[in-house]
K.L.:
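The following block contains the structure, expressed as structure tokens.
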Amino acid sequence: MSNNQSPLEKFLWGLVKNHNKWVETFGEIWKILWEWHEKWVKSVSELWNTINNIFWNMSHSRLLTELNGVFSGENKVEKQKNVELTSTRGEWEPQDYEYAVTHAQPDDKWLWYREVFSEKLLSEEKQKEFIVILREAIETKDEKLIRKVVKSMFRFLWTKMWTGLTHEEIEEVVNTLDSFKSPFIVPVEKIWDGNIYLMNETTWPTDAFKDLALQQIPTMLSIITRRKNTEAVKQALENEKNGITYKLEQVGGEEKLVKYINWEKASDEEQGNRPKISIVVTQTSTSGDTWPAGWAWIQGKDFVANIIWFPSHEATQWQIGQMKNLEWNVTSIAFEEAFTEIQEQMKACNNIDFKQKLQEILEKKFKTLREKYGFDIEVSSGSFNSVNIGRIDAQSIYHSAWIMIAKAMNPEIAWDIIEAIPSGNFWHATWVIQARDMVGWIDDIIISTNENDAIYQLIKNWNYKMALSEISDPSVSMIIRYGSNVERLLRRITNPERCEELMKKFELDGKLAENLYKFIHLPELKSQGWNISIKNNENINKILKNLIQSIEETQEEYKSRWWDNQKYILGKLLNNLKNIQKSQEVYGMMMSLENDFASYFNDTAWIKLGNEEREKITKLKLKAYTVKAEDELYTMRKVWLENNRLICPHTANAFFAAEQYKEENPENTKSIVVSETASPWKFLASVATALTCENRDEMRKKYEELRPKENSPQGIQELIQMIKEAYEKNGKEFDENMIPENLRNIYQNGVKKYGTFSAKQFGEKTLEFVDDIWDIFPKQTEKLIEKEKAKK
């Protein structure tokens, strides 16, 4: 640069020379100004919200004061006591609620059981006060106020469940209700002449009644594990402060954590008491709705993972589509078998050996943190299925609340209510019965099933047996061969020993009947009219050997339990099978075996309740109905034509049963509330059938023709076009916005394709997928460590 430059040239050259510094400085100034701006906007926004809240509280002060008065003192418990839960069969020691929720089944693999409430959780007087307050809130048309009043009911009921949670933790669980579209959470509307109402359980995030429990339970699991792990981190940091370290060393041929205090090896007595990180791995088998609801709410929760298993041929495309964007701590796998087999495999995996394998994987993931802080790892293999007692409780809480919501929304509803519910697995019925224990108001409970009628037979005829085959039915989530929650019902009307006896017999007979059924209906045998040489067919011979072994083991089990009444028929079956095994031509023998099988299954292979047990079932006031596929579809059409309201096939199942009940009990004028369990748009083939087929007797055939169309984007568009044309033909306006937005996106964009596995690979695939997603847990622990360090 020349010394003869003018002052202006020097100045301009200086600007160029220091350009980057100026830009950097200006950037810093702008960043500071923008942060101030953001803080100012945030402060003004917070101030404005505070002012609004003050005026809002002032305008509703009297009502809010009354609301606080109804529940005064009840929500201020610092930490509830933990209720003690037992195994349905009494083979495992009682555990507190937190353990039962995080370990979905006892280690004996049965179910956790809560004793019947000795008194109502909410007095009739308090319930009536709540109804009056909610009615007044409804008159204001202020949705925020309505939601606040309803949430207070949920909060109150959770405090009565003795979960071990603090007031703040219960508040976190209840605040998940803010995501629900309706401020009532479960609005109850009259849509039918003759005192029939619909409890709308489809206004929730995934348009299904399972949303409520499946957004509260993951939150509860995360709260419990986060609390435990915060204490573990505090202990680890205190150990670090005190010079305690750990090393992974070879001890006796195994790699173990060895404790050092100030670099001196600790004594054997001092080696224990390490900080423990708790992880919950939930395995969820589902036939449909549990799946998207579980995925939606567990995703991103701390220290919880979910593996979702589903039958690839049963789930609808809408349900499959909701699982497209899996991330973080959730994955799903499709299986070839039916829901019942998948659920049995899931239950079988909830054992000590399986948990040990999970723990070994997790310990490898935590290797660095374990060596630095000495963390011990505790893994529980849980479930979001109805086997989890937490789901029963969450659903019974909202059923307790809706009874009061129904009366507040519909003042004409008087005193006791009759409820109609579809219940293929009996868990829906289980929580309704518990809700009646909690608050009363429910009289008869109408339980409807489809043609898989094991529950119907139990309630109607006091006999319980496994359905041998799964039917084709629009109510796909109810195509269940037996209800796993029936065990809780049997425990309620008996005792652990009798429950164990009944369930053991049911399992033995069911397994034996199923094996016989599968053998007799082998395609290889049927295709040749049973005129086949079994000796020369390795597959048939293997199945036959397993069947003979199964009968022999069953005979021994019967003898050990003094169940000799079946000795004759089992002996006859066994001899027949052994003769078939020796024979070359089996036609005549197989005919005889089929007759023996029918005799065994129809007359013997089920559990029969005694007189005292029957009396207890009767006192529960359960009314059972079985509904055919064409009745479900016809009811969907009828409600649509007469009320301009689409309902799903499951809801139609309960609706048809409610109408049957009314015909049989014309003198009963009590209001009937039908559970509306899911969005009808999940079931396009059912909707298209109901809207386009006018002949009830042809509806099942029409449904079976249309069902495959749900499996492709082109077929889905054809079904939607059929529905649109049906609306126009009947003078009704079709608006695509009636289909929930998340549904429309799936229908337009297609669904994820899955490879399917056999249910026999259940445990193997679980371990494989868990290994893929468990890197997140050490990261979550590191965040917790940083958070605790920042506090100090």
Side-chain angles (χ1 to χ4, degrees), residues 83-95 97 99-100 103-118 340 343-344 346-348 350-351 383 385-393 396 423 425-434 437 445 447 454-466 480-513 554 557-558 560-563 565-566 604-620 622 624:
V83 67
E84 201 169 68
L85 302 171
T86 58
S87 164
T88 46
R89 308 192 196 184
E91 295 181 15
W92 191 249
E93 59 191 49
Q95 297 288 341
Y97 193 84
Y99 182 92
H103 299 71
Q105 292 176 263
D107 281 353
D108 61 12
K109 293 190 293 184
W110 311 135
L111 299 174
W112 291 114
Y113 178 71
R114 178 194 278 275
E115 293 293 339
V116 179
F117 293 101
S118 57
T340 306
Q343 178 154 277
E344 283 306 299
M346 181 200 73
K347 288 164 71 175
N350 280 331
N351 57 48
S383 173
N385 282 90
S386 58
V387 298
N388 192 317
I389 192 74
R391 271 192 72 183
I392 302 292
D393 288 343
S396 64
S423 192
N425 199 24
F426 205 76
W427 81 286
H428 200 156
T430 301
W431 85 65
V432 174
I433 294 168
Q434 181 166 296
D437 295 336
I445 300 173
I447 299 175
I455 292 170
Y456 170 85
Q457 294 295 340
L458 175 66
I459 295 170
K460 201 81 172 177
N461 301 316
W462 301 295
N463 298 316
Y464 187 49
K465 64 181 177 181
M466 182 186 298
I480 295 170
R481 298 173 58 202
Y482 63 92
S484 60
N485 270 285
V486 166
E487 182 162 340
R488 287 189 170 110
L489 174 67
L490 295 176
R491 171 64 184 84
R492 180 181 177 122
I493 64 172
T494 59
N495 55 51
E497 293 75 21
R498 174 64 172 160
C499 179
E500 199 270 346
E501 179 186 17
L502 289 170
M503 287 306 301
K504 188 67 176 177
K505 185 177 186 307
F506 170 76
E507 287 156 4
L508 285 166
D509 283 338
K511 181 181 177 183
L512 185 57
T554 304
E557 187 73 39
Y558 282 159
S560 69
R561 293 172 179 273
W562 301 94
W563 295 340
N565 58 317
Q566 291 163 313
T604 314
W606 55 21
I607 60 176
K608 297 177 175 65
L609 299 183
N611 290 335
E612 187 178 340
E613 293 153 357
R614 294 180 182 190
E615 187 178 332
K616 288 181 178 178
I617 287 263
T618 302
K619 285 182 178 178
L620 288 173
L622 310 178

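Predicted, not measured: the structure shown is a model, and the values here were computed from it.
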K.L.:
T88: which residues meet the side chain to side chain donor-acceptor pair (under 3.5 Å) condition with it, sequence neighbours left out?
P.N.:
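Partners of T88 under the side chain to side chain donor-acceptor pair (under 3.5 Å) test: E487.
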K.L.:
Any sub-3.5 Å donor-acceptor pair from Q105's side-chain atoms to W110's backbone N or O?
P.N.:
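Yes; judged by distance alone, with no hydrogens or angles, the pair exists.
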K.L.:
Please round to the nearest 0.5 Å and tell me the distance separating atom CG of N485 and atom CZ of R391.
P.N.:
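N485 CG to R391 CZ: 9.5 Å, rounded to 0.5 Å.
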K.L.:
State which residues pass salt bridge (charged side-chain N to carboxylate O under 4.0 Å, His left out) with R498; sequence neighbours excluded, sorted by chain then number.
P.N.:
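Salt bridge (charged side-chain N to carboxylate O under 4.0 Å, His left out) check on R498 returns E501, E613.
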K.L.:
I would like to know whether L111 and R491 meet side chain to side chain contact (heavy atoms under 4.5 Å, CB included); could you show each step before the answer?
P.N.:
CA-CA 10 Å; L111 299 174; R491 171 64 184 84; over 6 Å; no
K.L.:
Should F506 and V486 count as side-chain neighbours, where that means a heavy-atom distance under 4.5 Å?
P.N.:
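Side-chain contact under 4.5 Å: no.
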K.L.:
Less than 4.5 Å apart, side chain to side chain, heavy atoms only: is that true for W462 and T618?
P.N.:
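Yes; the side chains approach each other to less than 4.5 Å.
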K.L.:
What distance separates E500 CD from L490 CG, expressed to the nearest 0.5 Å?
P.N.:
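Going from the CD atom of E500 to the CG atom of L490 covers 12.0 Å.
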K.L.:
Quick one: side chain to side chain donor-acceptor pair (under 3.5 Å) partners of D437, sequence neighbours excluded?
P.N.:
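D437 satisfies side chain to side chain donor-acceptor pair (under 3.5 Å) with R492 only.
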K.L.:
Check whether any side-chain heavy atom of I433 lies under 4.5 Å from a side-chain heavy atom of F426, and answer yes or no.
P.N.:
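They are in contact (side-chain heavy atoms under 4.5 Å apart), so the answer is yes.
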K.L.:
If you look at every heavy atom in P106 and S87, which pair is closest and at what distance?
P.N.:
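Here P106 and S87 meet closest at CG-CB, 4.0 Å.
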K.L.:
Nearest 0.5 Å, please: how far is CD1 in I392 from NE2 in H428?
P.N.:
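Going from NE2 on H428 over to CD1 on I392, the span is 10.5 Å.
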K.L.:
Looking at residues at least two apart in the chain, or sitting in another chain, which of them share a side chain to side chain donor-acceptor pair (under 3.5 Å) with Q95?
P.N.:
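Result, side chain to side chain donor-acceptor pair (under 3.5 Å) vs Q95: E93.
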K.L.:
Can you list the residues that meet the side chain to side chain contact (heavy atoms under 4.5 Å, CB included) rule with A100, with sequence neighbours excluded?
P.N.:
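With sequence neighbours excluded, A100 shows a side chain to side chain contact (heavy atoms under 4.5 Å, CB included) to L85, W112, I389, given in chain and number order.
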K.L.:
E84: which residues meet the salt bridge (charged side-chain N to carboxylate O under 4.0 Å, His left out) condition with it, sequence neighbours left out?
P.N.:
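By the salt bridge (charged side-chain N to carboxylate O under 4.0 Å, His left out) rule, E84 matches no residue at all.
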K.L.:
With side chains defined as the heavy atoms from C-beta onward, is the minimum distance between L620 and I445 less than 4.5 Å?
P.N.:
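L620 vs I445: side chains apart.
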K.L.:
Please identify each residue that fulfils side chain to side chain donor-acceptor pair (under 3.5 Å) with N461, with sequence neighbours left out.
P.N.:
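Result, side chain to side chain donor-acceptor pair (under 3.5 Å) vs N461: Q457.
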K.L.:
What pair of heavy atoms forms the shortest contact from Y97 to G390, and how long is it?
P.N.:
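Y97 and G390 have their closest heavy atoms at OH-CA, 3.6 Å.
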K.L.:
Heavy-atom distance under 4.5 Å between the side chains of L508 and K504, does that happen here?
P.N.:
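Counting from C-beta outward, L508 and K504 do come under 4.5 Å.
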K.L.:
Is there a side-chain contact between L502 and L609 (heavy atoms, below 4.5 Å)?
P.N.:
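Yes, their side chains come closer than 4.5 Å.
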K.L.:
With sequence neighbours left out, write down each residue that passes ring pair (Phe, Tyr, Trp, His ring centres under 6.0 Å) with Y456, or none if nothing qualifies.
P.N.:
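Applying ring pair (Phe, Tyr, Trp, His ring centres under 6.0 Å) to Y456 gives none.
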K.L.:
Who pairs with E507 by salt bridge (charged side-chain N to carboxylate O under 4.0 Å, His left out), at least two apart in sequence or on another chain?
P.N.:
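Applying salt bridge (charged side-chain N to carboxylate O under 4.0 Å, His left out) to E507 gives R89.
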